Q: 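Once you've had a glance at the structure underneath, I'll fire off some questions.
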Amino acid sequence: MALGNKASSFYRITGLFISSYLWCIIFWNVGSGYDRFDRKEGIVCIFRWGFLGKNRCIFLQFLMKDIQSIRIEFKEGIYAHHFLYMEIRGQGAAPLRIDENLTPREIEQKAVKLAYFLCVLIEIF
């Protein structure tokens with residue numbers, strides 16, 4: 001009987017820590033930000049908020065001419081995810097913000113518009 005109480009207490013404490021962590025992510029707005037595409041200046045800026053600390057802001061800036069392609073990734077399964085990336089010459093892939101409630105067709109349409117704006121190819125994985 002005592003072993004059951006210890007296990008129950010362990011799961012309660014674990015649940016408390018996990019829920020506290022998730023509430024902190026929501027409160028600090030971790031992962032939010034914006035993507036800015038400026039054709040006039042020829043630059044792309046990606047801004048994201050991270051956890052509290054001296055490196056809380058993540059700011060990436062690229063030249064439009066260095067963008068090679070727009071990449072779409074579809075992860076199927078129980079927790080299906082859809083990702084949209086910009087392939088940057090010599091620097092790898094930079095993730096772009098997309099609404100989680102978009103259907104795969106809507107994500108493809110968004111990628112097509114962006115690729116047309118940037119004059120690059122689309123890769124689908």
Side-chain angles (χ1 to χ4, degrees):
M1 187 87 173
L3 183 59
N5 288 337
K6 289 181 182 178
S8 175
S9 297
F10 170 76
Y11 289 117
R12 287 180 187 152
I13 291 171
T14 302
L16 178 67
F17 283 124
I18 291 172
S19 64
S20 298
Y21 170 76
L22 294 174
W23 277 111
C24 287
I25 287 175
I26 292 168
F27 180 72
W28 290 327
N29 216 7
V30 173
S32 68
Y34 62 87
D35 302 329
R36 186 180 73 140
F37 299 89
D38 189 344
R39 182 177 279 177
K40 184 178 177 185
E41 294 183 25
I43 59 171
V44 175
C45 300
I46 298 173
F47 176 81
R48 300 287 184 273
W49 286 109
F51 285 101
L52 295 179
K54 77 176 189 181
N55 295 327
R56 179 158 195 236
C57 298
I58 300 168
F59 185 77
L60 306 172
Q61 187 170 342
F62 308 104
L63 294 174
M64 280 188 176
K65 66 180 182 179
D66 290 338
I67 299 172
Q68 291 180 318
S69 65
I70 300 297
R71 186 174 81 205
I72 306 170
E73 286 188 16
F74 295 107
K75 304 278 184 177
E76 299 299 328
I78 296 173
Y79 300 107
H81 292 307
H82 313 296
F83 302 98
L84 194 58
Y85 297 96
M86 269 189 323
E87 287 288 335
I88 312 297
R89 185 175 294 118
Q91 297 185 19
L96 298 172
R97 292 187 53 78
I98 56 172
D99 185 7
E100 293 181 13
N101 298 323
L102 294 178
T103 65
R105 183 172 177 84
E106 292 170 329
I107 293 171
E108 287 177 1
Q109 290 172 346
K110 184 175 181 172
V112 167
K113 287 179 184 177
L114 183 59
Y116 180 76
F117 175 78
L118 296 171
C119 300
V120 296
L121 299 174
I122 297 177
E123 300 174 351
I124 299 177
F125 290 93

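Predicted model only: the values in this text are computed from it and were never measured. Numbers here simply count residues along the sequence, with the first being 1.
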Q: Rounded to the nearest 0.5 Å, what's the gap from CG on L96 to CG on D35? Could you check?
A: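 Nearest 0.5 Å value for the CG-CG distance: 5.0 Å.
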Q: Would you call I72 and Y85 a side-chain contact if the rule is heavy atoms closer than 4.5 Å?
A: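 In short, these two side chains do not touch, never coming nearer than 4.5 Å.
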Q: Are V112 and I124 connected in a single hydrophobic cluster, I mean Ile/Leu/Val/Met/Phe/Trp/Tyr linked by side-chain heavy atoms less than 4.5 Å apart?
A: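 Looking at the clustering, V112 is in the same group as I124.
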Q: Backbone N or O of S32 within a donor-acceptor pair of the R48 side chain at under 3.5 Å?
A: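 No; zero donor-acceptor contacts below 3.5 Å.
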Q: If hydrophobic clusters are built from ILVMFWY residues whose side chains come within less than 4.5 Å, do I25 and F27 share one?
A: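 Yes, one cluster joins them.
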Q: How many angstroms lie between CD1 in I98 and NZ in K110, if you round to the nearest 0.5 Å?
A: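 The CD1 atom of I98 sits 7.0 Å away from the NZ atom of K110.
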Q: Atom CD1 of I58 and atom CH2 of W49: how far apart are they, to the nearest 0.5 Å?
A: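 Separation between the atoms: 10.5 Å.
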Q: Between R39 and F117, is there a donor-acceptor pair closer than 3.5 Å when you use the side chain of the first and the backbone of the second?
A: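 Yes, the answer is positive, given that a donor and an acceptor are paired below the 3.5 Å cut-off.
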Q: Contact between Q68 and I88 at the side-chain level, heavy atoms closer than 4.5 Å - yes or no?
A: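 The answer is no; the side chains never approach within 4.5 Å.
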Q: M86 and F47: same hydrophobic cluster, using ILVMFWY side-chain contacts below 4.5 Å?
A: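 Per the 4.5 Å side-chain linkage, M86 and F47 are not co-clustered.
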Q: On a heavy-atom basis, which atom in K40 and which in D38 lie closest, and how many Å separate them?
A: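 For K40 versus D38, the nearest heavy atoms are N-OD1, 3.1 Å.
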Q: Just verifying a value: how many Å separate I70 CD1 and E108 CD, rounded to the nearest 0.5 Å?
A: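 It comes to 14.0 Å.
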Q: Would you compute the distance between atom NE2 of H82 and atom NZ of K75 and round it to the nearest 0.5 angstrom?
A: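 Output value for this atom pair is 12.0 Å.
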Q: Here's one to test your reading of the geometry: is the NZ or CZ of R97 within 45 degrees of the ring axis of Y34 and under 6.0 Å from its centre?
A: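 Verdict for Y34: no cation-pi partner in R97.
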Q: Show the numbers, then the answer: is there a side chain to side chain contact (heavy atoms under 4.5 Å, CB included) between M64 and L118?
A: CA-CA 7 Å; M64 280 188 176; L118 296 171; 4.0 Å; yes
Q: Going hydrophobic residue to hydrophobic residue with side-chain gaps under 4.5 angstrom, can you get from Y21 over to I18?
A: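 Hydrophobic grouping puts Y21 with I18.
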Q: Using 0.5 Å steps for rounding, measure from the CD atom of E41 to the CG atom of L63.
A: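 If we round to the nearest 0.5 Å, E41:CD and L63:CG are 11.0 Å apart.
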Q: With a 4.0 Å cut-off on N to O distance, would you call R71 and E73 a salt bridge?
A: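 So R71 pairs with E73 through a salt bridge.
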Q: Would you say F62 and I122 are hydrophobically clustered, going by side-chain heavy atoms of ILVMFWY under 4.5 Å?
A: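 Both belong to a single hydrophobic cluster.
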